[in-house]
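Below: one structure, written as structure tokens.
Excluded from the calculations below are hydrogen atoms, water molecules and symmetry mates; all remaining heavy atoms, backbone and side chain alike, are included.
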Amino acid sequence: DTDGDDESEKRYQLILNYCFGHPRSSLLLFPSSSSVQFINHSSKKSNAKIQWSDSDFQSEEWLTEPLEDIKARKKTGLMFDIIATKDIQLGEEV
């Protein structure tokens with residue numbers, strides 16, 4: 001059924017649109033915060049940046065562990081923050 005395959009591909013691509021990765025890593029992060037879906041991903045009008053969190057809930061050791069060790073874990077531990085790079089006006093997209 002080609003329609004089903006096409007629909008599966010669309011769902012897969014939609015999920016990837018919300019993931020974060022790096023060209024030199026096979027690790028792909030899927031944010032579990034509901035606020036991330038409201039961020040406009042335009043690189044032309046960006047007003048925020050993403051950086052590793054300095055929260056007490058961040059598992060710092062995960063930043064240097066091998067990918068296989070991270071994949072074996074059954075919980076979250078990597079966190080990033082979304083930081084404004086300029087004043088964001090009421091009603092303006094992030």
Side-chain angles (χ1 to χ4, degrees):
D1 175 37
T2 57
D3 290 335
D5 292 342
D6 188 46
E7 192 61 34
S8 294
E9 183 66 28
K10 286 178 185 176
R11 285 193 297 263
Y12 179 76
Q13 184 60 50
L14 183 60
I15 289 172
L16 283 178
N17 288 344
Y18 290 94
C19 292
F20 295 89
H22 190 278
R24 295 187 317 209
S25 175
S26 59
L27 180 65
L28 191 62
L29 301 173
F30 181 76
S32 58
S33 168
S34 59
S35 61
V36 174
Q37 61 192 333
F38 297 110
I39 296 174
N40 183 341
H41 295 83
S42 170
S43 61
K44 295 178 182 156
K45 298 196 286 187
S46 64
N47 55 13
K49 65 179 182 177
I50 297 172
Q51 67 183 33
W52 291 118
S53 180
D54 60 3
S55 165
D56 292 338
F57 298 107
Q58 168 81 306
S59 300
E60 288 291 322
E61 66 275 6
W62 285 35
L63 296 174
T64 57
E65 286 186 345
L67 181 56
E68 291 304 317
D69 292 352
I70 293 172
K71 286 172 42 179
R73 297 182 184 275
K74 303 295 183 201
K75 62 179 185 173
T76 59
L78 292 173
M79 297 172 54
F80 56 78
D81 295 324
I82 300 164
I83 309 296
T85 56
K86 66 175 196 153
D87 289 341
I88 299 173
Q89 303 303 313
L90 182 64
E92 182 181 4
E93 290 184 337
V94 176

Return a table of donor-acceptor pairs under 3.5 angstrom between the side chains of residues 20-28 and protein atoms on other chains or two or more places apart.
from  : atom 1 : to    : atom 2 : distance (Å)
His22 : ND1    : Arg24 : N      : 3.0
Ser25 : OG     : Leu27 : N      : 3.0

Go through the structure and list residues passing side chain to side chain contact (heavy atoms under 4.5 Å, CB included) with Leu63, not counting sequence neighbours.
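Scan of Leu63 (side chain to side chain contact (heavy atoms under 4.5 Å, CB included), adjacent residues dropped) gives Trp52, Gln58, Glu60, Leu78.
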Quick one: side chain to side chain contact (heavy atoms under 4.5 Å, CB included) partners of Lys71, sequence neighbours excluded?
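Expected list: Leu67, Glu68.
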Give the cluster check for Trp62 versus Phe57: same hydrophobic cluster or not, with ILVMFWY residues linked at side-chain heavy-atom distances below 4.5 Å.
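Shared cluster, no.
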Tell me whether Met79 shares a hydrophobic cluster with Leu29, the cluster being built from Ile, Leu, Val, Met, Phe, Trp, Tyr side chains joined at under 4.5 Å.
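Shared cluster, no.
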Quick one: side-chain hydrogen bond (donor to acceptor under 3.5 Å, both in side chains) partners of Gln51, sequence neighbours excluded?
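side-chain hydrogen bond (donor to acceptor under 3.5 Å, both in side chains) check on Gln51 returns nothing, list empty.
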Taking side-chain hydrogen bond (donor to acceptor under 3.5 Å, both in side chains) as the definition, give me every residue that meets it alongside Glu65, ordered by chain and number, with sequence neighbours left out.
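With sequence neighbours excluded, Glu65 shows a side-chain hydrogen bond (donor to acceptor under 3.5 Å, both in side chains) to Arg73, given in chain and number order.
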Mind jotting down which residue pairs meet the side chain to side chain donor-acceptor pair (under 3.5 Å) criterion with at least one end in residues 80-94? Sequence neighbours excluded, please.
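Output for this query lists Asn40-Glu93, Asn47-Glu92, Ser53-Asp81.
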Looking at every heavy atom in both Cys19 and Pro31, which two are closest together, and how far apart are they?
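What the structure gives for the nearest pair is CA-CD, 4.4 Å.
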